[in-house]
Colleague: 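There's a structure below that I have some questions on.
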Amino acid sequence: MSDVNPTISDRVVSDRHVGAVLAAAAGDALGAGYEFGPPLPADEPVHPRGGGSFNWAPGEWTDDTQMAACILSVLADGSTDIDSIAANFRTWYQHGPADVGIQTSTVLSQAGDLRSIAAEHARAHPSHSAGNGSLMRTAPVALAAPGQPDVIAQLAAEISALTHADLSCQDACVLWSVAIDHQVHHAPRSDQPWSFADAVRVGLEYLPADRRDEWAVLIHRADGASPREFPKNGWVVHAFQAALAAATSTPVPPGPDAGRHLQLTLEHAVRAGGDTDTVAAITGALLGSRWGATAVPAAWQRILHGHAADPTPVLTAIDLDSQARLAANGGRPDPNGWPGRPSMVDHYRQLPRPPQGRDAEFHGVRFGDTVTLDAAIADGAQTVVSLCRMGTDDVPSHVEHHVVGLHDTGHSDNPNLTLLLEDVADHIQDAHLSGRSTYVHCVAAENRTPSVAAAWLVRHHGYDADNALAVAGRGLNPPQSFLVDGVRSVRPAED
């Protein structure tokens with residue numbers, strides 16, 4: 001394997017780590033309402049509508065992400081202990097989840113060592129032990145050992161074998177987990193071409209030699225195919241191929257829209273029918289590790305929720321984000337104690353150049369910094385959009401909170417800049433039109449906040465970019481040149 005791509009910054013690497021987990025959960029929730037349904041027409045809209053066989057709430061993830069979260073929580077503690085993951089699986093099962101795969105239920109319902117139970121099940125049922133239930137949850141595994149594909153491969157196989165000991169299941173998890181790690185560290189910027197199939201082929205060398213050729217053929221057949229060509233997607237091989245086919249057959253939009261490939265591909269995967277939530281979850285893990293969490297639509301993130309081993313508390317996109325970052329850093333927060341620190345606002349107020357309390361209102365939406373956050377909440381803000389790192393207690397639980405991964409450190413740290421500016425502008429507009437009092441902020445309202453304010457004025461209020469930047473700059477602060485360029489690339493929303 002070649003060296004890590006030197007053009008990819010640490011912030012982009014983190015965005016991709018989070019993206020693998022978040023996009024898998026988003027795909028799961030997107031497909032939940034369509035599970036076991038027939039293929040859909042190519043032009044039929046697909047939404048995270050909820051419903052389905054188990055009456056999921058809109059944006060609620062299913063057993064796919066519930067089990068992935070059981071793995072993620074152990075990794076977020078800095079551990080890769082297989083027994084701890086197994087214990088989480090058992091705790092999850094004992095709480096009676098709404099949906100459990102037949103093979104997973106068969107194994108988890110028995111007392112004893114899960115690895116032995118799963119292995120015996122595979123021996124006793126050689127033609128009925130290769131379900132997709134371990135591949136669907138494998139997204140977090142790559143975060144356990146960034147840049148160490150040999151370690152990731154071994155861990156992926158061991159975690160699969162807790163419930164799915166069939167060699168096809170273990171192989172699929174190895175290939176997918178190694179591909180996730182490879183993309184995180186080797187994929188180029190969003191505006192450059194990339195082969196998802198080649199990323200999956202990287203893992204072939206970590207399979208036993210006698211199974212590599214078979215998987216090479218399976219990958220070749222899926223590369224560029226339609227996911228509909230693999231209808232038995234409850235079977236791990238067809239689920240694997242359907243996910244890869246969705247990724248490789250969905251055209252990548254040109255220019256600044258390249259990251260929209262993530263959304264388009266997940267919708268394409270769901271339209272293939274069958275085990276839609278699982279195929280979309282598998283697809284999301286691969287797509288998120290290429291395009292990053294900043295390519296997951298805010299409209300999906302704001303309603304994304306579910307649980308892990310225990311039904312309470314309900315977890316959100318912000319929780320998955322925090323745990324993914326911890327997992328990728330060996331369970332350690334950054335030097336400032338983030339993520340997991342109760343208040344980042346206190347930290348910001350102690351900076352050598354602390355925020356000064358900038359605050360401006362444009363067309364009924366309030367924009368400012370972390371100093372004015374408390375006042376905005378006291379004044380009744382119902383939606384807070386944070387453009388910076390936040391503590392666990394900085395925004396009260398009754399306020400809808402969305403954190404956006406926009407950086408003021410340079411263009412190279414924002415590979416989806418135009419897409420992100422347009423997406424957060426649409427999110428602000430949706431909250432505003434729904435009558436929700438909205439507050440948008442970064443640390444000091446010096447770069448990110450005026451950029452987003454200007455993007456919102458361009459996209460939804462008819463301003464040209466330079467006029468919008470002037471208005472936002474007078475009310476807050478003129479942003480840096482690369483953010484100015486980003487605003488100038490924002491397009492008015494279509495009616």
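Index from 1, following the sequence.
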Colleague: Does any N or O in the side chain of Trp176 come within less than 3.5 Å of the main-chain N or O of Ile282, such that one atom is a donor and the other an acceptor?
Modeller: yes

Colleague: Does Glu158 CD have over 12 foreign heavy atoms under 6.0 Å away?
Modeller: yes

Colleague: Do Asp15 and Arg11 sit within salt-bridge range, that is, some charged N less than 4.0 Å from a carboxylate O?
Modeller: no

Colleague: Using only atom types and a distance under 3.5 Å, with no angle test, would you say the side chain of Gln241 pairs donor to acceptor with the backbone of Ile219?
Modeller: no

Colleague: Do side-chain atoms of Asp81 reach the backbone of Ser84 as a donor and acceptor pair under 3.5 angstrom?
Modeller: yes

Colleague: Starting at OG1 of Thr265, measure out to CG of Leu286 and round the result to the nearest 0.5 Å.
Modeller: 9.5 Å

Colleague: Does the Glu60 side chain pair with the main chain of Ala57, one donor and one acceptor, at a distance under 3.5 Å?
Modeller: yes

Colleague: Does some side-chain heavy atom of Thr276 sit less than 4.5 Å from a side-chain heavy atom of Leu30?
Modeller: no

Colleague: Is the distance from the ring center of His261 to that of His268 below 6.0 Å?
Modeller: no

Colleague: Is any NZ, NE, NH1 or NH2 atom of the basic residue among Asp393 and Arg341 found under 4.0 Å from an Asp or Glu carboxylate oxygen of the other?
Modeller: no

Colleague: To the closest 0.5 Å, what do you measure between CD (Glu120) and CD (Gln110)?
Modeller: 9.0 Å

Colleague: Does Arg290 reach the main-chain N or O of Leu287 with its side chain, forming a donor-acceptor pair under 3.5 Å?
Modeller: no

Colleague: Does any non-hydrogen side-chain atom of Leu175 lie less than 4.5 Å from one of Leu207?
Modeller: yes

Colleague: Going by atom types only, do Thr316 and Asp319 share a side-chain donor-acceptor pair under 3.5 Å?
Modeller: yes

Colleague: Is the backbone N or O of Val12 less than 3.5 Å from a side-chain atom of Ser9, with the two atoms forming a donor-acceptor pair by type?
Modeller: yes

Colleague: Using the ring centroid of each side chain, check whether Phe196 and His182 are separated by less than 6.0 Å.
Modeller: no

Colleague: Do Asp77 and Ser79 pair up side chain to side chain, a donor and an acceptor below 3.5 Å, judged on atom types alone?
Modeller: no

Colleague: Between Asn5 (side chain) and Thr7 (backbone), is there a donor-acceptor pair under 3.5 Å?
Modeller: yes

Colleague: I'd like to check Asp223 versus His220 (side-chain heavy atoms, cut-off strictly below 4.5 Å). Are they in contact?
Modeller: no

Colleague: Donor-acceptor pairs under 3.5 angstrom involving side-chain atoms of residues 31-52: please list them, not counting sequence neighbours.
Modeller:
from: Tyr34; atom 1: OH; to: His47; atom 2: N; distance (Å): 3.0
from: Tyr34; atom 1: OH; to: His47; atom 2: O; distance (Å): 3.4
from: Arg49; atom 1: NH2; to: Gly33; atom 2: O; distance (Å): 2.9

Colleague: Under 3.5 Å, side chain of Asp277 to main-chain N/O of Asp28, donor-acceptor pair present?
Modeller: no

Colleague: What pair of heavy atoms forms the shortest contact from Pro231 to Arg228, and how long is it?
Modeller: CD-O, 3.7 Å

Colleague: With ring centroids as reference points, do Phe230 and Trp235 lie under 6.0 angstrom apart?
Modeller: no

Colleague: Regarding His95 and Arg90, do their side chains bring together a donor and an acceptor under 3.5 Å, going by distance alone?
Modeller: no

Colleague: Would you tabulate the side-chain donor-acceptor contacts of residues 127-152 under 3.5 Å, counting partners in other chains and residues two or more places apart, or write 'none'?
Modeller:
from: Ser129; atom 1: OG; to: His125; atom 2: O; distance (Å): 3.2
from: Ser129; atom 1: OG; to: Asp166; atom 2: OD2; distance (Å): 3.4
from: Asn132; atom 1: ND2; to: Asn233; atom 2: O; distance (Å): 2.8
from: Asn132; atom 1: ND2; to: Asp275; atom 2: OD2; distance (Å): 3.0
from: Ser134; atom 1: OG; to: Ser160; atom 2: OG; distance (Å): 2.9
from: Arg137; atom 1: NH1; to: Gly133; atom 2: O; distance (Å): 3.4
from: Arg137; atom 1: NH1; to: Thr163; atom 2: OG1; distance (Å): 2.8
from: Arg137; atom 1: NH2; to: Ile159; atom 2: O; distance (Å): 2.9
from: Arg137; atom 1: NH2; to: Thr163; atom 2: OG1; distance (Å): 2.9
from: Thr138; atom 1: OG1; to: Ser177; atom 2: OG; distance (Å): 2.9

Colleague: Using side-chain heavy atoms (C-beta onward) and a distance below 4.5 Å, is Trp300 in contact with Gln263?
Modeller: yes

Colleague: Ring centres under 6.0 Å, that's the criterion: do Trp61 and His305 meet it?
Modeller: no

Colleague: Would you say Asn414's side chain and His407's backbone share a donor-acceptor pair under 3.5 angstrom?
Modeller: yes

Colleague: Among His402, His401, Glu400, which one satisfies side chain to side chain donor-acceptor pair (under 3.5 Å) with Arg302?
Modeller: Glu400

Colleague: Between His185 and Ile8, is any pair of side-chain heavy atoms under 4.5 Å apart?
Modeller: no

Colleague: Can you tell me how far the CG atom of Asp198 sits from the CD atom of Gln183, to the nearest 0.5 Å?
Modeller: 10.5 Å

Colleague: Tell me, do His164 and Thr104 make a side-chain contact under 4.5 Å, heavy atoms counted?
Modeller: yes

Colleague: First locate atom CE of Met390, then atom SG of Cys442, and finally report the distance between them rounded to the nearest 0.5 Å.
Modeller: 11.0 Å

Colleague: Scan side-chain atoms only and decide if Asp394 and Ser343 contain a donor-acceptor pair under the 3.5 Å cut-off.
Modeller: yes

Colleague: Verify salt bridge (Lys or Arg N to Asp or Glu O under 4.0 Å) between Glu214 and Arg211, making sure each step is shown before the conclusion.
Modeller: CA-CA 6 Å; Glu214 177 185 355; Arg211 298 202 294 275; over 6 Å; no

Colleague: What is the distance from atom CG of Leu22 to atom CG of Leu304, rounded to the nearest 0.5 Å?
Modeller: 6.0 Å

Colleague: Any donor and acceptor pair, going by atom type alone, linking the side chain of Arg389 with main-chain N or O of Pro339 inside 3.5 Å?
Modeller: no

Colleague: State, yes or no, whether a side-chain contact exists between Trp338 and Arg325 at a heavy-atom distance under 4.5 Å.
Modeller: yes

Colleague: To the nearest 0.5 Å, what is the distance between OG1 on Thr418 and CG on Asp423?
Modeller: 12.0 Å

Colleague: I'd like to check Val252 versus Trp194 (side-chain heavy atoms, cut-off strictly below 4.5 Å). Are they in contact?
Modeller: no

